[in-house]
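I'd like to ask you about the structure that follows.
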Amino acid sequence: MLNKKLADIFYEIADFLEIENIPFKPYAYRRASESLKNLSEEVEIIYKKEGRAGLDNIPGVGESIADKIIEYIETGRIKSYQEYKKKYPFEMREIISVEGLGPRKIKDLYQKLKIKNLKDLKKSAQEGKIRGLPNFGVKTEKNILEGIKFLNKSKGRFLLGKILPQIEQIEKKLKGLKEVKRINVCGSIRRRKETIGDADFLVVTDKPNPVMDFFCSLPEVVKVWGKGETKSSVRVEQGFNVDLRVVPEGSYGSALQYFTGSKEHNIQLRIIASEKGLKLNEYGLFKNKKRIAGGNEKDIYESLGMDYIPPEIRENEGEIEVALHSFGRLPKLVELKDIKGDLHCHSDWNGGENSILEMAQTAINKGYEYLGISDHTKFLKIENGLDEKQLAQQRKEIERLNVKLKIQNSKFRVLQGCELNILNDGRVDIKDEALGKLEYAIAGVHSNFKMPEKEMTERMIRAMKNPYIKIISHPTGRILKRREGYQIDLEKVFRAAKETKTILEINAQPERLDLNDINIKRALKSGVRLIIDSDAHQKEDLSYIKYGLYQSRRGWAEKRNIVNTFPLKKLLELFKEKS
DNA sequence: GCCGTTTTCGGCCCGACTGTTTTCAGTCG
């Protein structure tokens, strides 16, 4: 957990340096921060194993930042950071989340009005005290108030699973216009990040006016922030902003590349361009004044001597080096059509909405080969968890259903699993004898989330040693925007998963997405097998699988890494490997 | 503060917009 803490500290130090108008250093600290956040190993372990040299190998970490990391590992604090905190005792990260405020303005607000947090800020703005400050005005004051309101309402980010359907609907409507020649959504939505700040559309059209008119008067639009020939910006009823930009056909590819991001990816790309004596911006890739690429995105990457990089992995997490053929190759990312089944869903046997038959029918319509029913077990009374006897009864129903399917000449099969509860000591709530009669069992932590890290890790590893438990569900327990995951040593969990041949789940519920992208990448590095599961509680939820798929693509997963891309026979053989 | 095969000093992505100014600083993506 130190990595994240240090990443936050360095990010804040960058803010402080910006306040003091110190050039370039903020950039260095932000880079180190980003690098730590995405590190697959904990810094204290690196330091213990390899000492200072190990820290020095972390990109963006040099002498001075290594010193600070060591200081923190050894003393639990960083002196220079504490001094900054004392000098600028305001809630930087809290206030900075207000749109339009950066470190410098925040410093002015503190020094002139003693504003220390969002509450102070709101009060001063409401009392009209801000408008009189140099470089502030009535409009800034008003924007601050609106910014605070927005923050309170939305906390700034939205789940991809809530936004994407809405955006796809708007895209479809815009596509229907005869004036629209090309359209794409870009930004973090195109990269399929788990949470989204806002949405951007890019459009090619000869007649921007009717397109903008149509866009700004969509029924879901509740406010028009601005409307012009090249850019319009609206708020939709769900509370997020959508921008639409019109770009010339010849710049469409470079604009798409630029507005898709990530920012870090783009910075790196521009550096590569400049090393080749080229200049890259949203209008194209230029050699001197001549545009050598821009019309489509693939040409940009190609002209820079790179393989095309799928949007989901454009995070400057090594994809650029690989695409440049410096080492390795880009992964051939898993696709939705590769998915052959779903092994984590719930039926009406434990209080779900739909019968096993209805769930199976939906799975058949999706083109799946198999569906695993994995209802909760008895410890979860609130979910009507099944006991050994009920599992046996359910088995009969599933067998009858499979016979019927066979008669209909369908190759589709329903499997019986269950979702066990990992008790405090790592045992589970169903007897082995009953587990032996199922095709597989999933196990997950559903209670006592606040256990200390060591105990939680041992708890989960003990469950993985159970030969009947083939899959661990939602391995970190996090719920987006609501709760952090449990304290758990994932490196140990990954190692144990590999040793015990236990599959880890990528739970595709939009608010879970657990494992997440970073942990998927780490798990794959450890040689762990993964599965994407919808955890559907009703038949419609089976389509959540795509959010897990996006997440696994962001984690560089290939088809071979994801076991529910395997045909049934191979999957069952895999289960037998562990026994 | 970091980085490096034109490197151990000198450069660090870049353009647009906003709100404040009256030529620009700060912020954003």
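Naming: A, B, ... by sequence-line order, numbering from 1 per chain. Since the model is a prediction, treat every value here as computed from it, not as a measurement. Computed over heavy atoms, backbone and side chain alike; hydrogens, waters and symmetry mates excluded.
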task = Can you tell me the distance, in whole Å, between the CD1 atom of A:I58 and the C1' atom of B:dC3?
result =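 Result: 16 Å.
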
message = Please determine whether a side-chain nitrogen of the Lys or Arg among A:D8 and A:K4 lies less than 4.0 Å from a carboxylate oxygen of the Asp or Glu.
response =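 Yes, charged N to carboxylate O under 4.0 Å.
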
inquiry  = Measuring only the C1' atom in each nucleotide, how far is B:dT20 from B:dT27? A whole number of Å is fine.
reply    =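 The answer is 13 Å between these two C1' atoms.
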
request  = State the pairing partner of B:dT8; accept Watson-Crick or G-U wobble contacts with both distances under 3.5 Å, and report none otherwise.
outcome  =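 B:dT8 is paired with nothing.
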
inquiry  = Check the orientation of A:F10 and A:Y29. Use parallel for under 30°, tilted for 30 to 60°, and perpendicular for over 60°.
reply    =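 Aromatic pair A:F10/A:Y29 classed tilted.
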
task = Please report, rounded to the nearest Å, how far the C1' atom of B:dA16 is from the NZ atom of A:K231.
result =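 Computing the A:K231:NZ to B:dA16:C1' distance gives 9 Å.
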
message = Suppose you measure atom C1' in B:dT6 against the same atom in B:dG11; what distance do you get, rounded to whole Å?
response =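 About 14 Å, rounded to a whole number of Å.
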
query = For A:Y81, is the NZ or CZ atom of A:K79 found under 6.0 angstrom from the centre of its six-membered ring and inside 45 degrees of the ring axis?
reply =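 Relative to the ring axis of A:Y81, which defines the angle, A:K79 lies outside at least one limit.
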
ask   = Where along nucleotides 19-29 of chain B does protein come under 4.0 Å, by heavy atom, of base (B) or sugar-phosphate alone (S), with - for untouched nucleotides?
value = SSS----SSSB

inquiry  = Can you confirm if the NZ or CZ of A:R30 lies within 45° of the ring axis of A:Y11 and under 6.0 Å from the centre of its six-membered ring?
reply    =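 Yes, a cation-pi geometry.
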
Whole-Å distance separating the CD1 atom of A:I271 from the P atom of B:dC14 =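 Those two atoms, CD1 and P, are 9 Å apart.
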
ask   = Between the side chains of A:N516 and A:Q551, does any donor sit under 3.5 Å from an acceptor?
value =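 No, A:Q551 and A:N516 have no side-chain donor paired with an acceptor closer than 3.5 Å.
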
request  = Could you list by number each residue of residues 22-36 of chain A showing a heavy-atom separation from DNA chain B of less than 4.0 Å, or answer none if no residue does?
outcome  =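 The stretch gives A:F24, A:K25, A:Y27, A:A28, A:Y29, A:R31 as the residues lying under 4.0 Å from the strand, ordered by number.
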
key: Interatomic distance, A:I13 CD1 vs B:dC2 C1' [rounded to whole Å]   =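 Value for this atom pair: 15 Å.
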
ask   = What is the distance from CG of A:L55 to P of B:dG1, rounded to the nearest Å?
value =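 Checked: the CG to P distance equals 16 Å.
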
request  = Take atom OH of A:Y11 and atom P of B:dG1, then tell me their distance rounded to the nearest Å.
outcome  =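 To the nearest whole Å, that distance equals 19 Å.
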
query = Given A:D198 and A:I189, is the side chain to side chain contact (heavy atoms under 4.5 Å, CB included) satisfied, shown in steps?
reply = CA-CA 8 Å; A:D198 55 18; A:I189 297 187; over 6 Å; no

C1' atoms of B:dG1 and B:dG15, separation to the nearest Å =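 So the two C1' atoms sit 26 Å from each other.
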
query = Listed in order of residue number, which residues of residues 63-79 of chain A have a non-hydrogen atom at under 4.0 Å from DNA chain B?
reply =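 Contacting residues: A:E63, A:S64, A:I65.
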
request  = Using the C1' atom as the reference point in each nucleotide, state the distance between B:dT23 and B:dG19 in Å, no decimals.
outcome  =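 About 13 Å, rounded to a whole number of Å.
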
message = As a quick check of understanding, evaluate salt bridge (Lys or Arg N to Asp or Glu O under 4.0 Å) for A:K181 and A:E249, giving each step before the final call.
response = CA-CA 9 Å; A:K181 288 162 89 173; A:E249 184 123 46; 3.6 Å; yes

message = Would you measure the distance from the C1' atom in B:dT8 across to the matching atom in B:dC3 and give it in whole Å?
response =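 Pairwise C1' distance, B:dT8 against B:dC3, rounds to 10 Å.
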
ask   = Does A:R245 come within less than 4.0 Å of A:E229, counting only side-chain N to carboxylate O?
value =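 No, no charged N to carboxylate O under 4.0 Å.
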
key: A:I267 CD1 - B:dG15 P separation (whole Å)   =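 Answer to the nearest Å: 13 Å.
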
query = If we take the C1' atom in both B:dC28 and B:dC13, what is their distance in whole Å?
reply =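 The same atom, C1', in both gives a distance of 14 Å.
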
ask   = Would A:K105 count as a cation-pi partner of A:F136, with NZ or CZ less than 6.0 Å from the six-membered ring centre and within 45° of the ring normal?
value =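 Yes, cation above the ring, under 6.0 Å and within 45°.
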
query = Between A:E315 and A:R191, is the closest basic N to carboxylate O distance under 4.0 Å?
reply =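 Yes, charged N to carboxylate O under 4.0 Å.
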
request  = Could you tell me whether the side chain of A:R235 and the main chain of A:V242 form a donor-acceptor pair under 3.5 Å?
outcome  =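 No; judged by distance alone, with no hydrogens or angles, the pair does not exist.
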
task = Taking the six-membered ring of A:Y308 (Phe, Tyr or Trp), confirm whether the NZ or CZ of A:K298 is under 6.0 Å from its centre and within 45° of its axis.
result =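 Checked: cation-pi criterion met.
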
